[in-house]
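Just so it is clear, the values below take in all heavy atoms, side chains as well, and ignore hydrogens, waters and symmetry mates. Treat the numbers as computed from the prediction; the structure is a model and nothing was measured. Numbers restart at 1 for each chain; the letters A, B, ... are given by sequence-line order, proteins then strands.
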Number of protein chains: 2
Amino acid sequence: MEFCVTSLLRDKGFKVTPQRLAIYNALAATKAHPSAEMIYNELQPIYPTMSLATVYKTIEILKELDLVQVLNVGEDSFRYDADTTNHPHVRCMCCGRVDDLHGVDAADFVGKVAAQTDYTITGQQFYFYGTCPECQRKASTPS
Amino acid sequence: MEFCVTSLLRDKGFKVTPQRLAIYNALAATKAHPSAEMIYNELQPIYPTMSLATVYKTIEILKELDLVQVLNVGEDSFRYDADTTNHPHVRCMCCGRVDDLHGVDAADFVGKVAAQTDYTITGQQFYFYGTCPECQRKASTPS
DNA sequence: CTATGTGCAAAATGTTTGCAGACGA
DNA sequence: TCGTCTGCAAACATTTTGCACATAG
């Protein structure tokens with residue numbers, strides 16, 4: 001996996017730096033869909049001198065290499081996902097966490113939409129909003 | 001229509017001001033899903049003294065009254081839609097315009113998703129990306 | 001050794017806030 | 001008249017940029 005990123009970077013003429021690997025690995029290792037700042041905070045203990053600008057610049061490259069996708073869940077910042085398969089996401093309106101929704105077939109729906117519009121559809125993004133299991137539990141058993 | 005907004009504002013204890021009516025009317029009169037700045041620019045000729053802050057504050061109220069919904073098409077700013085029915089949107093990756101996608105039944109798809117997750121689903125937002133008819137035409141007949 | 005990358009600080013962008021004067025009810 | 005609203009400017013948060021030094025190849 002790490003080898004893969006290394007060669008992908010090199011192939012496109014990008015240099016392989018510890019920061020770039022660390023940022024990609026942090027993204028690949030989590031399902032939390034972190035924002036730039038969350039990645040930065042997570043890497044602070046390991047790379048105390050790394051700057052937020054480096055996180056942004058690296059994400060830009062990772063996007064170019066199709067190694068991450070960008071999420072726009074309605075917050076004031078973007079989130080990033082190293083799983084670049086096209087899957088829907090859910091955001092908990094209570095605690096703010098964002099989860100994947102795998103295993104739902106959207107092809108029918110996308111097909112119907114594509115048939116209804118004059119646009120040429122090249123991609124889509126589905127966001128669901130609700131309450132996650134933990135927040136449901138918290139809500140039903142008040143302290 | 002205008003009467004309706006007036007009384008909705010009054011009912012909730014908000015004052016009815018020309019700026020608020022103008023902002024809502026501007027939103028209700030267009031299908032372009034303008035951002036705060038686009039609304040501001042559109043109203044400049046008629047209300048030259050109006051500030052962007054007023055646009056933002058008014059939109060906040062309109063959201064509270066469920067008179068507008070917020071769109072997050074992946075740009076760096078939000079867009080607003082006075083059509084509060086839950087319908088998908090398409091964004092042209094070429095010219096940036098955002099259009100409605102009415103007449104597509106999402107109930108099946110939403111139902112499948114809701115059945116697959118432990119979240120309680122309370123809402124959703126579908127964004128499609130592609131090329132609008134005009135940009136397709138432009139692309140096929142280069143100057 | 002050279003070109004690119006990093007880290008810092010400053011800038012840019014979009015949005016929010018505080019406050020004095022204006023205005024709707 | 002009174003309380004809220006407006007408009008301005010300043011504050012804020014997120015992301016981008018410029019540049020000197022560091023480092024991968």
Side-chain angles (χ1 to χ4, degrees), chain A residues 2-3 5-24 26-27 33-65 68 70-80 96, chain B residues 2-3 5-24 26 33-65 68 70-80 96 98:
Chain A
E2 194 171 309
F3 170 75
V5 182
T6 299
S7 42
L8 268 167
L9 282 168
R10 252 197 280 269
D11 286 359
K12 296 271 184 170
F14 294 112
K15 293 195 172 165
V16 179
T17 68
Q19 290 91 333
R20 287 179 179 168
L21 295 177
I23 290 166
Y24 178 75
L27 266 167
H33 311 87
S35 63
E37 188 143 28
M38 289 160 83
I39 299 172
Y40 173 72
N41 289 331
E42 190 183 325
L43 295 179
Q44 268 305 97
I46 321 166
Y47 294 88
T49 72
M50 195 174 66
S51 83
L52 198 47
T54 300
V55 177
Y56 280 110
K57 286 169 185 166
T58 299
I59 288 171
E60 207 52 42
I61 293 172
L62 295 177
K63 274 199 288 185
E64 221 172 305
L65 301 184
V68 299
V70 184
L71 307 184
N72 230 257
V73 247
E75 299 158 308
D76 31 7
S77 61
F78 292 96
R79 284 165 173 265
Y80 305 96
Chain B
E2 195 170 310
F3 169 75
V5 182
T6 299
S7 42
L8 269 167
L9 282 168
R10 250 198 280 269
D11 285 358
K12 295 270 186 174
F14 293 112
K15 292 194 171 163
V16 179
T17 68
Q19 289 92 333
R20 287 179 180 167
L21 295 178
I23 289 166
Y24 177 75
H33 311 88
S35 63
E37 188 143 25
M38 288 160 82
I39 299 172
Y40 172 72
N41 288 331
E42 190 184 326
L43 295 178
Q44 268 304 96
I46 320 167
Y47 293 88
T49 72
M50 194 174 66
S51 84
L52 199 46
T54 299
V55 176
Y56 280 110
K57 287 170 185 166
T58 298
I59 288 170
E60 207 52 42
I61 293 172
L62 295 177
K63 275 199 286 187
E64 221 173 302
L65 301 185
V68 300
V70 184
L71 307 185
N72 237 257
V73 244
E75 300 159 309
D76 32 5
S77 61
F78 293 96
R79 283 166 174 264
Y80 305 95
V98 175

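The heavy-atom pair separating B:Ala26 from B:Leu43 by the smallest distance is CB-CD2, 4.2 Å. Of all heavy-atom pairs spanning A:Ile59 and A:Val68, the tightest one is O-CG2, 4.2 Å. The two residues A:Leu52 and A:Ala36 make their nearest non-hydrogen contact at CD1-O, 3.9 Å.
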Please lay out, stage by stage, how A:Lys63 and A:Glu60 fare under the test salt bridge (charged side-chain N to carboxylate O under 4.0 Å, His left out). CA-CA 5 Å; A:Lys63 274 199 288 185; A:Glu60 207 52 42; 3.5 Å; yes

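A:Leu43 has its CG atom 13 Å from the P atom of C:dT6, to the nearest Å. Rounding to whole angstrom units, CG of residue A:Leu21 and P of C:dG5 are separated by 13 Å.
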Spell out protein contact along nucleotides 12-17 of chain C as letters: B when the base is contacted, S when just the sugar-phosphate is, - when no protein heavy atom is under 4.0 Å; keep the 5' to 3' order. --SBBB

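You'll find the side chain of B:Tyr80 stays beyond 4.5 Å of the side chain of B:Leu71, heavy atoms only. Looking only at side-chain heavy atoms (C-beta outward), B:Leu21 and B:Val16 come within less than 4.5 Å of each other. Within the 4.5 Å cutoff, side-chain heavy atoms of A:Asn41 are placed close to those of A:Glu37. Looking only at side-chain heavy atoms (C-beta outward), B:Thr17 and B:Thr54 stay at 4.5 Å or farther from each other. Two residues are said to be in side-chain contact when any heavy atoms from C-beta on lie closer than 4.5 Å; A:Asp11 and A:Leu65 fail this criterion. Residues A:Leu9 and A:Ile61 meet the side-chain proximity criterion, which asks for heavy atoms closer than 4.5 Å.
Residue pairs meeting the ring pair (Phe, Tyr, Trp, His ring centres under 6.0 Å) criterion with at least one member in residues 33-53 of chain A, sequence neighbours excluded, are A:His33-A:His89.
For the side chain to side chain contact (heavy atoms under 4.5 Å, CB included) with A:Arg20, the lone residue among A:Thr6, A:Thr58, A:Leu62, A:Val5 that qualifies is A:Thr58.
Applying a 4.0 Å cut-off to non-hydrogen atoms, the residues of residues 11-20 of chain B that approach DNA chain D are B:Phe14, B:Lys15, B:Thr17, B:Gln19, B:Arg20, listed by residue number.
At its two ends the helix from C:dC1-D:dG25 to C:dA25-D:dT1 runs along axes set 40° apart, each axis drawn from five pairs and the angle rounded to 10°.
Note that the first and last nucleotides of DNA chain D, 5' to 3', having any atom under 4.0 angstrom from a heavy atom of chain A are D:dT14 to D:dG25.
Under the rule for a side-chain hydrogen bond (donor to acceptor under 3.5 Å, both in side chains), the partners of B:Arg79 that lie at least two apart in sequence or sit in another chain are B:Glu75.
For C:dG7, one of the phosphate oxygens OP1 or OP2 lies less than 4.0 angstrom from a side-chain nitrogen or oxygen of A:Thr49.
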